[in-house]
**Student:** 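One structure, pasted below without further comment.
Residue numbering restarts at 1 for every chain, and letters A, B, ... go by the order of the sequence lines.
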Amino acid sequence: MRLYRLILRWLVPHVWWAHREELEEMAREAVDQARARGRAAALGTELALARDALRVSRRTLMEGVMHDLRYALRGLSASKGFTVAAVLSIGLAIGANTTIFSLVHALLINPLPLPDAGRVVAVFRTFQPQASGQAAAGLLPVSYPNYEDLRAQTTSLSALAAYSFTQVNLSGGDEPARVAATIAGAGYFEAFGITPLTGRFFTADEAGDTGAHRVTVLSERLWRTSYGADRGIIGRTIHLNGLAFTVVGVAPRGFHGALALFASDIWVPMSVYPDLASAMFRQALGQRAFRAFLMVGRLAPDATVASAQAELAAAAEGLAAAFPEVNRGRGVRVMPIADAATDPNQQALLSRGGVMLMGAVALVLVIACVNLSNLLLVRTWRRRRERAVRLALGASRYRLVRQQLVESLVISALGGAAGLLLARWARELIWRHRPPAFEQAAFDLTLNVPVLVFTIGITLVAGLAFGLVPALQAGSSDLISDLRQRQAGGLVRGRRWRGFDLRDALLALQVALCVVAIAGAGAFARSLQAARAIDPGFDHARLGIMSFDAASPARGEDALPAFFERVVDTASGVPGVRAAALADTRPLGAGRAYRLFADGADLGPMGVYVPFNAITPEYFDTVGIGLIGGRGLTRFDTAGSRPVAVVNDTLARRFWPGGDALGRRLRLAPPLGTEIEIVGVVETAKYVSLGEEPSPYMYLPLTQAPATAVTLHVSTPLPPASVIDDVRLAVRQLDAGLPIVDVREVSAAIDDTLWAPAMIALLLGVFGLVAAVLAVTGIYAMVGQLFNQRRHELGVRMALGGRPVDAMRFIARKGLAPVVAGLLIGTGAAALLLPSVGALLYGAQASLPVATASAGVMGVAAIAATAVPLRRVLRLDPLSALSAD
Amino acid sequence: MADVALTPHQFQILLALADAPRHGSAIARAVGDQTGGRMRLWPVMLYSTLDQLATDGFIQEAAGPPGGSERLRYYRLTRTGRRALAAEADRLEAFAAQARARLAGGSR
């Protein structure tokens with residue numbers, strides 16, 4: 001019975017208080033009657049009584065909330081200015097969070113939409129460095145013979161496929177296009193567990209590595225954009241690199257292979273690998289030392305990643321024992337496919353970037369919530385009389401609290417809807433300006449369930465967060481003073497009204513958060529500046545580039561050197577071009593590497609990996625890399641002449657400290673085994689990223705390290721943008737079927753590598769600014785409020801002989817105290833937090849100066865905001881203040 | 001006065017008060033009897049409905065019968081309540097007639 005009383009008091013207080021005794025008596029009677037029929041009946045009755053209370057309370061709650069909802073909507077539409085400001089500020093914050101989350105979700109959490117992605121794994125080779133100076137351990141591709149052995153020995157994977165990727169020229173349309181292609185071995189589609197959208201995938205026969213079956217599967221995106229989603233595509237012929245292929249199927253929508261950043265639109269079987277691979281790679285299928293393939297597998301029904309890892313690791317050891325020359329020190333790594341979707345070697349950095357971005361927008365949301373809380377507190381303060389009347393007429397405090405909370409949730413919900421719209425627009429914008437690294441990617445950024453759930457979640461949390469304090473405020477009204485709408489005991493000094501203590505604290509918090517945001521933006525902006533000031537080692541300001549793949553059956557490999565010479569000569573001849581050259585690696589782009597040994601240098605039993613750029617002789621002059629010793633490359637360094645190389649001075653110093661590199665010999669590791677003589681040494685430049693440490697690098701003649709996919713570099717004293725298009729047209733005239741891509745200025749390309757810090761700085765800056773504006777208006781409002789509140793008191797002081805200056809000082813001190821507190825807290829917090837984001841900053845950023853500067857900015861703004869209301873003090877007329885209400 | 005439909009609980013309670021004023025548990029008993037045991041009014045449902053009916057003006061507190069207990073609160077039907085009850089009875093009758101007509105026609 002006591003429990004029953006409790007339940008009723010809590011669930012249906014209004015009924016309880018009106019009919020206490022009757023309810024108890026009726027309940028007791030019912031239970032007694034039931035007890036006569038047995039304990040089970042008594043229990044049943046007790047449960048029924050509880051259900052009865054629940055049912056009525058639920059209905060009452062529903063009606064009450066509906067009423068509160070209508071009341072809130074009425075109140076909000078009555079003060080449109082406030083509502084618009086509130087919805088906008090929370091909408092901006094929610095929109096930002098939704099945008100970042102959907103990007104993070106698409107890129108990091110779920111980059112590959114696959115059915116049952118948990119069963120799909122990526123398999124890599126690993127390399128344990130055996131001596132210093134060797135390339136760092138990482139995740140590596142596999143060679144085809146090693147792959148075949150691994151596949152034969154595994155039972156924990158129901159499918160294990162090798163694949164490679166390349167770019168092919170797709171012709172047949174008006175403009176030839178460059179398309180990303182995956183060369184897929186047997187078991188590829190089975191490993192992913194997908195079914196074709198239309199048509200079929202490769203048969204077991206076709207998927208093998210013999211027979212040169214010229215069949216192809218298209219991606220849904222390519223099928224839709226280039227062939228109008230015509231089902232008649234099956235059986236038709238398209239031309240890849242000039243060769244005829246028959247289309248047999250279309251992959252399901254959203255499937256673009258295993259690499260999220262390299263979205264494939266074409267799949268061909270492994271048997272055509274020799275047709276599409278460049279000369280160097282053609283022999284790869286039979287070479288155990290030629291690591292050119294990636295692997296994807298599917299876990300057998302009873303296997304786990306761990307069990308597959310163990311089994312394959314054992315198999316790898318067997319391979320190392322059987323073929324020590326090429327396999328010693330090499331292991332295997334099995335991981336879920338999602339972890340390898342972006343560059344697995346970069347995953348940690350990307351994750352950290354993602355976390356940072358989410359932290360930044362979370363900060364923005366907190367700022368918006370604090371600001372909104374402040375605004376709502378003012379609003380509840382203004383409506384205190386109305387609430388007092390309701391209280392006097394019998395409303396319960398709980399009701400007042402609930403009504404205020406409902407109003408907050410309505411604001412939050414409206415903001416959430418606005419945020420979703422904003423996020424849609426922002427996502428498009430950010431994606432359109434993505435860096436070239438993401439150019440090939442095909443992420444699904446449309447609104448999906450996880451993003452929607454996330455948005456609804458933060459909308460609710462935000463609404464509760466900023467609504468809680470005003471709601472509690474609403475429930476704690478002091479009846480008498482509120483009815484009189486005047487501060488009780490106006491003459492009594494020191495009586496701090498609960499609401500305004502809280503407001504001070506909130507204001508201080510807001511100011512602190514603004515300081516942190518602005519400091520963050522400042523730090524990133526400075527780091528961007530520092531990054532831009534880094535000398536990449538080549539003449540980036542006057543360089544333009546464009547890329548193409550010269551592979552074509554019409555032009556044999558032997559004709560390539562002559563063709564390249566013609567391209568360079570043509571480009572050099574374009575008016576405005578000072579010099580031009582070809583290289584197989586773009587500036588700060590990814591290129592090839594050789595494992596090699598060096599005469600007179602101890603590089604360990606496995607040698608070292610040295611990245612290289614295959615160039616035409618004009619390269620150093622074109623890009624502005626200085627020659628330190630020896631000679632550059634010339635047109636006499638051909639395929640038939642002695643193999644030569646030019647190295648950078650970092651390599652020279654590392655391999656032969658104190659000695660001279662000129663004339664020394666490098667020996668490529670088996671199976672190539674080539675001996676190369678060093679004929680020149682050049683300055684060290686940046687090869688991968690602006691922040692990298694000096695590392696060894698070498699340059700080989702393009703004739704001796706052939707490639708078909710090359711980048712044309714042109715140097716011009718004019719702004720490169722004005723010249724590169726002319727160059728492109730001139731080169732097109734040499735071969736109309738040549739798709740020329742990525743035509744841009746090198747300075748723009750370098751800027752793109754700074755995409756992440758730039759984006760973060762921009763976001764933090766924009767939102768820090770918005771937050772600062774909100775905070776400043778909050779300060780202005782608060783000081784004005786303070787003045788109004790204390791007008792009476794100030795009037796008294798001045799009537800008693802006080803000076804306006806004293807009054808000003810009084811108001812300023814009270815008004816600025818929370819601001820100063822916020823500045824101090826914010827400076828401290830920023831100084832503590834900034835070092836932890838150091839990984840994404842170029843160059844060490846001294847955090848304290850940045851934090852202090854940011855606090856200074858906020859401080860000035862705050863003082864300015866206080867100044868205007870203070871002027872009112874000067875004009876205060878004591879008489880009117882004394883009679884003020 | 002607009003004719004607003006009564007909920008089944010409200011209807012039965014008004015019905016129970018149609019002939020004489022009653023107090024809480026007596027109303028519940030009467031409702032049980034007049035519905036043949038099909039509707040059982042539990043305490044909270046009973047009293048919250050009574051409060052709602054009082055707010056709507058259909059019932060009001062009344063003096064108990066002479067000699068009855070002091071602490072029991074009696075309720076009686078108001079004129080408005082009586083009208084509402086009659087209107088609802090008419091409505092239900094019309095529905096029932098329509099239902100019977102349709103069912104009879106369908107079985108032909």
**Student:** Kindly compute the distance separating CE (A:M26) from CD1 (B:I27), expressed to the nearest 0.5 Å.
**Tutor:** 9.0 Å

**Student:** So which donor and acceptor atoms of chain A and chain B come within less than 3.5 Å of each other?
**Tutor:**
residue: A:A18; atom: O; partner: B:R73; partner atom: NH2; Å: 2.4
residue: A:H19; atom: ND1; partner: B:R73; partner atom: NH2; Å: 3.3
residue: A:H19; atom: NE2; partner: B:D51; partner atom: OD1; Å: 2.7
residue: A:H19; atom: NE2; partner: B:D51; partner atom: OD2; Å: 3.3
residue: A:E22; atom: OE1; partner: B:R73; partner atom: NH2; Å: 2.9
residue: A:E25; atom: OE1; partner: B:R71; partner atom: NH1; Å: 2.9
residue: A:D52; atom: OD1; partner: B:M45; partner atom: N; Å: 3.1
residue: A:D52; atom: OD2; partner: B:V44; partner atom: N; Å: 2.8

**Student:** Determine all donor-acceptor pairs shorter than 3.5 Å in which one atom belongs to a side chain in residues 454-464 of chain A; sequence neighbours excluded.
**Tutor:**
residue: A:T455; atom: OG1; partner: A:T98; partner atom: OG1; Å: 3.2
residue: A:T455; atom: OG1; partner: A:V451; partner atom: O; Å: 2.9
residue: A:T459; atom: OG1; partner: A:T455; partner atom: O; Å: 2.6

**Student:** Measuring heavy-atom distances to chain A, does B:L46 have an atom under 4.5 Å in its side chain, in its backbone, in both, or in neither?
**Tutor:**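 Interface part for B:L46: side chain.
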
**Student:** Please find the pair of heavy atoms, one from A:A27 and one from B:P43, that lie closest to each other, and give the distance.
**Tutor:** N-CG, 4.2 Å

**Student:** If I measure from the heavy atoms of chain B, does A:L8 come under 4.5 Å with its side chain, its backbone, both, or neither?
**Tutor:**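 Answer is side chain: those atoms of A:L8 sit under 4.5 Å from chain B.
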
**Student:** Using the side-chain hydrogen bond (donor to acceptor under 3.5 Å, both in side chains) criterion, which residues pair with A:R383? Sequence neighbours excluded.
**Tutor:** A:E407

**Student:** Kindly state each residue pair satisfying salt bridge (Lys or Arg N to Asp or Glu O under 4.0 Å) with at least one member in residues 67-88 of chain A, sequence neighbours excluded.
**Tutor:** A:D68-A:R399, A:D68-A:R402

